Amino acid sequence: MRVALAEARAAGAEGEIPIGAVVVLEGRVLGKGRNQTERLRDVTAHAEMLALTAAAQAVGNKYLHNATLYVTVEPCPMCAGALAWAQVARVVYGVADEKRGLHTFRPSLLHPRTELVDGVLAAECGEVMRAFFKGKR
């Protein structure tokens, strides 16, 4: 999660919403990502999507069985769908997205075998978001 936080801070420094993600398999980082929707002018350039793409390229497979995605903010429905298609084994996030997070959808948008862990470094992840938006207001 510390690597994801570093990605989030880098995104914030670039004027992007500060969300970072990392895909890990057997202790090895396969892919990292941070929000780049403004830079790339692409609404799909979320941290999770970029981390998944990098990880799939690293392993040479679209499926990321046994991999864990660490992300600073709860994934949105689009990212949850991509995580389901990639069949990621575990999703770990820091702070919930009360308005657009995957928890607002029932049934779950994740693959049925995906384990979901929330609240990891929640205070630190939340502070990165609060500081970014405080500077915008």
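Bear in mind the structure is a predicted one, so any value in this text is a computation, not a measurement.
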Kindly give the heavy-atom pair with the smallest separation between C125 and G94, and that separation in Å. SG-CA, 3.8 Å

Where G20 and E7 come nearest, the two heavy atoms and their spacing: CA-CB, 3.8 Å

Could you tell me whether a side-chain N or O of T114 sits under 3.5 Å from a main-chain N or O of L110, the two making a donor and an acceptor? no

Report yes or no: does E16 contribute a side-chain atom to a donor-acceptor pair with the main-chain N or O of E38 at less than 3.5 Å? yes

For the pair T72 (side chain) and A4 (backbone), establish whether a donor and an acceptor sit closer than 3.5 Å, ignoring hydrogens and angles. no

Rounded to the nearest 0.5 Å, what's the gap from CD on Q87 to CG on N66? Could you check? 10.5 Å

So, using ring pair (Phe, Tyr, Trp, His ring centres under 6.0 Å) as the criterion, who are the partners of F105 when residues are at least two apart? none

Does CG belonging to L25 count more than 12 external heavy atoms closer than 6.0 Å? yes

Between A11 and P18, the two heavy atoms sitting closest are CB-CA, 4.1 Å

Pairs flagged by ring-ring contact (aromatic ring centres under 6.0 Å, His included) wherever residues 49-94 is involved - sequence neighbours left out: Y63-H65

Minimal heavy-atom distance between I19 and A47, with the atoms involved, is O-CB, 3.4 Å

Exam field: side chain N35 to backbone T37, donor-acceptor pair closer than 3.5 Å: no

Any donor-acceptor pair under 3.5 Å linking the side chain of T53 with the backbone of L50? no

Cationic N near anionic O, under 4.0 Å, E74 to R100: no

E124 with R9: basic N within carboxylate O range, under 4.0 Å: yes

Donor-acceptor under 3.5 Å (H46 side chain, E48 main chain): no

Show the nearest heavy-atom pair for residues A80 and P75, with the distance to one decimal. N-CB, 4.3 Å

